[in-house]
Trainee: 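There's a structure below that I have some questions on.
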Amino acid sequence: MSDQKRLFLVDAYALIFRGYYAFIKNPRINSKGEDTSAIMGFMNSLLDVIKRERPDHLAVCFDKGGSADRVELFEAYKANRDETPEGIKTAVPYIYEILKAMHIPIMVKEGFEADDVIGTLAKKAEKEGYQTFMVTPDKDFAQLVSENIFMYRPVFGGGYETWGIPEVQKKFEVTDPLQVIDYLGMMGDASDNIPGLPGVGDKTAKKFLAAYGSMENLFANTHELKGKMKEKIEANQELGLLSKKLATIMLDVPVEFNEKDFEMSEPDIPKVTAIFQELEFRRLIDNFNKTFSAEARETATAMQTSNKAEAPKTTPKDIKSAGEGQFSLFGGSEPSATETASEHTRQTAATYSHFYQSVAPGMATKLFVKNLMNQTSVCFDTETTGLNPLTAELVGIAFSWEVGKGFYIPFPEDKAEAQALIEVLRPFFEDENIQKIGQNLKYDIKVLAKYNISVKGKLFDTMLAHYLINPDMRHNMDILAETYLNYTPISITELIGKKGKNQLSMREIPLEKQTEYAVEDADITLQLKEHFEKELGEANTQKLFDEIEIPLVRVLAAMELEGINLDVPFLNALADDLNKDIETLVTKIYDVAGEEFNIASPKQLGIILFEKLKLVDKPKKTKTGQYKTGEDILSALAKEHEIVRDILEYRGLAKLKSTYVDALPLQVEEATGRVHTDYMQTVAATGRLSSNNPNLQNIPIRTERGRQVRKAFIPRNEDYTLLAADYSQIELRIIAALSEEETMIEAFKNGEDIHASTASKVFNVPIEAVTREQRSNAKTVNFGIIYGVSAFGLSNQTDLSRGEAKELIDTYYETYPKLKAYISKQVDFARDNGYVSTILGRRRYLKDINSRNALVRGAAERNAVNAPIQGSAADIIKIAMINIFNKLDAGNYKSKMLLQVHDELVFDIYKPELEELTTLIKTEMENAFKMEVPLDVEVDTGLNWLEAH
DNA sequence: CACATGTGCAA
DNA sequence: TATTGCACATGTG
């Protein structure tokens with residue numbers, strides 16, 4: 001490494017915004033209710049840079065008052081950027097304070113953007129013989145890169161990349177970094193409001209630069225272009241040159257580079273600590289102290305000068321002492337039983353002493369298992385060759401039962417050997433008395449099931465725990481570690497690379513790194529468990545966790561492994577039919593339109609319909625300026641225009657074909673010949689499940705053509721039949737019971753058709769005299785109530801005018817007065833407590849319930865009404881699933897539960913068991929939860945899913 | 001290749 | 001200006 005002096009210039013707002021949005025799903029809120037995400041994000045980045053690079057010169061640059069020059073150039077410049085979020089505005093004064101306490105220079109120049117300040121300083125420092133690193137994710141800075149000026153870019157998933165001249169050349173396909181300005185000028189930048197040349201994106205800009213080298217030269221040679229592109233470029237030269245000016249970072253800001261002003265000096269540790277304490281950044285204080293402790297500096301400096309990106313080496317003393325403690329666990333076995341041991345300080349995170357070790361094959365493993373069996377509670381994490389448990393092979397399993405310590409058992413590639421190894425571990429996994437802790441245990445359970453291991457004993461899943469603590473947040477382990485432990489674990493991307501052809505398999509990773517990664521995950525999961533256990537108790541959701549979500553894990557794992565049989569030849573025949581009809585429609589549409597275009601492109605379709613054919617006077621537009629061509633819009637025009645009818649039919653058929661008929665056969669698993677969906681237990685904020693790869697919860701049923709797809713879901717063989725069991729009107733029954741609305745409760749108790757009954761009451765006609773239209777309108781209101789409908793929304797959904805809709809809603813509330821009271825009660829509760837709950841105490845927090853923004857508040861109020869209803873229905877069917885699964889299991893039935901579709905369960909029933917199970921299923925579902933309103937379940941069977949309805 | 005948008009399927 | 005989801009095609013970055 002050269003001894004050139006190094007200057008780091010930090011683009012403050014870019015990192016603040018980045019930090020703020022990194023926490024957007026799990027914002028950091030302190031006890032005073034302040035959103036400290038932006039400060040936390042920024043400080044993490046700053047400390048990270050300091051720790052990694054130990055800059056000798058550093059400054060943080062801010063904007064002030066925007067750039068008068070640029071605004072003058074182009075009035076729209078940065079005009080329609082979203083307003084700066086509140087959480088960022090409040091963060092800035094704190095950040096100033098912290099930087100001052102850290103004795104880090106702050107660069108601001110009124111009327112100039114940080115870009116320009118950084119650019120000017122970088123160039124000046126270069127003349128003084130410095131190497132400058134611009135710390136920013138913003139690619140605009142690439143234009144400044146030179147032999148001595150670099151971009152130091154944080155990358156998602158942790159780490160940094162340095163862009164020098166070669167990187168910029170490669171990224172932008174240019175020879176000179178200055179051409180980045182031409183690139184940006186041509187392509188434009190939506191976030192900076194640089195318009196760019198119309199119709200020119202990344203690809204075209206690169207092509208032009210390769211051919212012409214600059215925008216000016218492109219304009220001088222437009223005669224070489226052709227078609228639309230030629231016209232557009234020639235017509236927009238002025239706009240292009242303006243864009244180029246906007247994209248140019250100015251280098252003439254009146255700032256001086258006096259090197260001693262930029263020297264790093266000792267921070268005022270007590271002062272910084274005090275501010276962090278005020279903000280409640282406990283972990284950050286540790287991080288800060290470690291960053292600036294004398295020892296940390298020495299290690300880092302040593303590392304930096306040796307130019308090693310690797311983690312610093314351990315002192316031999318640490319390994320020895322940690323090692324001795326561990327080895328004694330093996331009853332004094334030889335240290336040679338271990339292959340690797342590591343103890344290091346990771347740079348991206350708060351550091352703590354830890355001891356991770358992989359266990360050598362043979363005797364060491366047996367000794368390890370012996371020790372494992374002495375524990376009452378163990379966290380484990382499987383590492384596999386892929387994400388599909390049906391095909392993934394075990395690469396290793398990490399274990400941890402004490403914070404900071406853990407072990408890794410690598411698995412051999414040979415199948416027989418791997419099976420032999422897992423047999424050694426079987427006593428642990430199948431021990432009823434050892435609690436198993438993990439993150440997303442459903443995955444591990446499925447993987448182990450393929451090795452014929454069933455995971456027994458009490459479970460604690462940190463992902464599920466956090467889902468109950470706050471379902472609106474995200475629950476992946478990296479985010480949880482950052483939020484609750486202020487620790488950034490090794491990211492999987494860092495380990496195996498981004499997905500694509502260069503991504504490595506876990507098996508290709510050196511054992512030391514596998515160990516570090518896997519055991520760290522187990523260790524962190526263990527720490528998270530200790531954290532969440534308390535929180536579950538505080539929110540009174542322990543019971544929901546232990547009795548619903550946790551038992552459901554095994555149920556879902558079994559359903560997913562089971563899969564469902566799909567009639568592929570039938571779907572292929574359906575595809576042929578669809579193709580013929582689609583072709584006919586396409587020909588007809590092109591004929592009327594007078595040209596060929598992409599009907600599936602809303603953009604092109606809008607232009608044909610509303611510019612060429614001028615079907616309406618004032619077409620509606622989307623927020624991005626496109627014509628609206630949604631189903632509702634087109635349906636209104638269908639009566640008068642045959643082409644619109646054809647387009648609607650085309651859309652329907654094309655959708656059917658691409659999403660279901662063509663896609664489903666591709667999802668048949670080779671290993672089983674069946675389709676295996678993946679149920680997500682922690683996605684829906686209300687407590688529902690969701691389904692993906694493929695989504696089997698949105699298979700068509702409403703249109704004749706669509707419901708044919710259901711015929712493709714068939715029993716496993718002729719000895720079986722499909723059975724579908726549906727809750728009838730479960731959500732309305734729940735709202736009737738929760739609101740204690742007697743009129744509605746009576747209707748359900750009498751087994752009335754609830755929509756007809758409602759119509760009869762609100763339109764004041766005998767139930768036999770209710771018209772189809774009246775029932776339909778009543779049905780719409782009934783559903784609307786569950787979602788928190790407005791008169792406007794109702795009139796949109798029906799043929800009613802806004803006035804009629806309002807009247808209908810008023811009459812509805814007169815008919816069911818307690819419903820109205822219940823709705824108000826929910827909203828009030830949410831205002832007072834900040835959350836609402838389901839019948840089983842599942843919470844949803846509504847942070848916007850007291851928002852001053854009526855739109856935002858309204859949405860929260862609707863959630864306050866809807867979440868307990870939708871969520872309680874989810875609670876109930878989950879109970880039913882667990883009970884049914886346990887009975888099928890205990891009774892050794894051949895029949896299997898296959899699918900859940902929110903209020904429906906689908907089973908593959910062994911014919912001899914049909915009668916018995918029909919009763920069992922119906923009984924379990926109807927009695928899953930007792931309410932004032934009876935639950936009613938309709939059961940039907942058939943040769944396929946459609947017939948079973 | 002990743003992401004946003006528009007559209008549309010289900011409960 | 002109705003709740004919760006997932007996925008497809010297109011178009012862009």
Side-chain angles (χ1 to χ4, degrees), chain A residues 139 156 183-184 187-191 196 199-206 471 498-502 598-606 622-634 648 651-652 654-660 662-664 667 677-680 683-703 706-707 709-710 726-727 729-731 780-798 802 805 809 844 854-855 858-859 861-871 873-874 877 900-904:
Chain A
K139 62 183 173 356
F156 283 98
Y183 169 86
L184 292 168
M187 194 183 75
D189 183 342
S191 65
V200 178
D202 167 70
K203 288 281 158 62
T204 319
K206 283 175 178 165
K498 282 187 218 157
K499 72 173 159 193
K501 58 176 162 32
N502 294 327
N598 188 343
I599 310 170
S601 161
K603 194 173 166 177
Q604 297 183 36
L605 178 64
T622 67
K623 61 183 168 198
T624 52
Q626 316 281 325
Y627 296 108
K628 281 190 171 176
T629 65
E631 208 266 342
D632 46 342
I633 304 275
L634 295 193
L648 283 169
R651 279 243 184 100
K655 168 87 174 177
L656 211 57
K657 186 165 181 296
S658 67
T659 309
Y660 304 102
D662 288 346
L664 284 171
Q667 300 267 9
T677 189
D678 192 2
Y679 288 105
M680 302 279 118
V683 169
T686 52
R688 275 187 176 188
L689 299 178
S690 78
S691 150
N692 59 29
N693 295 308
N695 181 356
L696 296 185
Q697 293 181 320
N698 72 342
I699 303 301
I701 195 164
R702 290 175 194 187
T703 66
R707 54 198 295 168
V709 176
R710 293 203 169 214
D726 285 57
Y727 279 109
Q729 307 298 350
I730 186 166
E731 293 188 352
T780 309
V781 192
N782 274 335
F783 279 110
I785 291 303
I786 295 170
Y787 304 141
V789 78
S790 64
F792 182 92
L794 183 61
S795 73
N796 263 351
Q797 294 280 315
T798 61
R802 208 140 139 206
I809 292 174
R844 182 168 185 189
L855 226 76
E861 287 171 358
R862 290 193 293 277
N863 283 333
V865 179
N866 175 263
I869 299 164
Q870 195 178 106
I877 197 166
Q900 189 254 41
V901 192
H902 309 306
D903 64 357
E904 171 187 7

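Chain letters run A, B, ... following the sequence lines, proteins first and then strands; every chain starts at 1. Here the structure is a predicted model, which is why all the values come from computation and not from measurement.
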Trainee: Taking OP1 and OP2 of C/dA2, is either one under 4.0 Å from a side-chain nitrogen or oxygen of A/R862?
Mentor: no
Trainee: Counting Watson-Crick and G-U wobble pairs whose two distances are both under 3.5 Å, find the runs of 3 or more in a row that involve DNA chain B.
Mentor: B:1-11 with C:3-13
Trainee: Of the candidate nucleotides C/dG11, C/dC8, C/dA2, which contains the atom at the shortest distance from the side chain of A/S658?
Mentor: C/dC8
Trainee: Compare side-chain N and O positions of A/T686 against OP1 and OP2 of C/dT4 and report whether any pair is under 4.0 Å apart.
Mentor: no
Trainee: A/K206: what forms a side-chain hydrogen bond (donor to acceptor under 3.5 Å, both in side chains) with it, not counting sequence neighbours?
Mentor: A/D202
Trainee: When the distance from CE of A/M680 to P of B/dA11 is rounded to whole Å, what number comes out?
Mentor: 20 Å
Trainee: Treating primed atoms plus P, OP1 and OP2 as sugar-phosphate and everything else as base, which nucleotides of nucleotides 4-10 of chain B get B, S or - for protein heavy atoms under 4.0 Å?
Mentor: -SSSBBS
Trainee: Going by the rule side-chain hydrogen bond (donor to acceptor under 3.5 Å, both in side chains), which residues pair with A/Y627 if we only count those two or more places apart in sequence or in a different chain?
Mentor: A/E611
Trainee: List for me each residue that meets salt bridge (charged side-chain N to carboxylate O under 4.0 Å, His left out) alongside A/E904, sequence neighbours excluded, and say none if there are none.
Mentor: none
Trainee: Remember a base hit wins even if backbone is also touched, and classify A/T780 as base, sugar-phosphate or nothing at under 4.0 Å, heavy atoms.
Mentor: base
Trainee: Backbone N or O of A/Q870 within a donor-acceptor pair of the A/R688 side chain at under 3.5 Å?
Mentor: no
Trainee: Are any of the side-chain heavy atoms of A/Q797 and A/V789 separated by less than 4.5 Å?
Mentor: no
Trainee: Can you list everything that forms a salt bridge (charged side-chain N to carboxylate O under 4.0 Å, His left out) with A/D678? Sequence neighbours excluded, please.
Mentor: A/K442
Trainee: Please state whether the phosphate of C/dT12, meaning OP1 or OP2, lies under 4.0 angstrom from any side-chain nitrogen or oxygen of A/K603.
Mentor: yes
Trainee: Taking atom C1' of C/dC8 as reference, at what distance in whole Å does atom CG of A/N693 sit?
Mentor: 13 Å
Trainee: Kindly indicate whether the side chain of A/Q870 and the base of C/dT4 share any N or O donor-acceptor pair separated by less than 3.5 Å?
Mentor: no
Trainee: Looking at A/Q900, does any N or O in its side chain come under 4.0 Å of the phosphate oxygens OP1/OP2 on B/dA11?
Mentor: no
Trainee: For the side chain of A/N692, starting at C-beta, report the closest nucleotide among C/dC6, C/dT1, C/dG5.
Mentor: C/dC6
Trainee: Within less than 4.0 Å of OP1 or OP2 of C/dG11, is there a side-chain N or O belonging to A/S601?
Mentor: yes
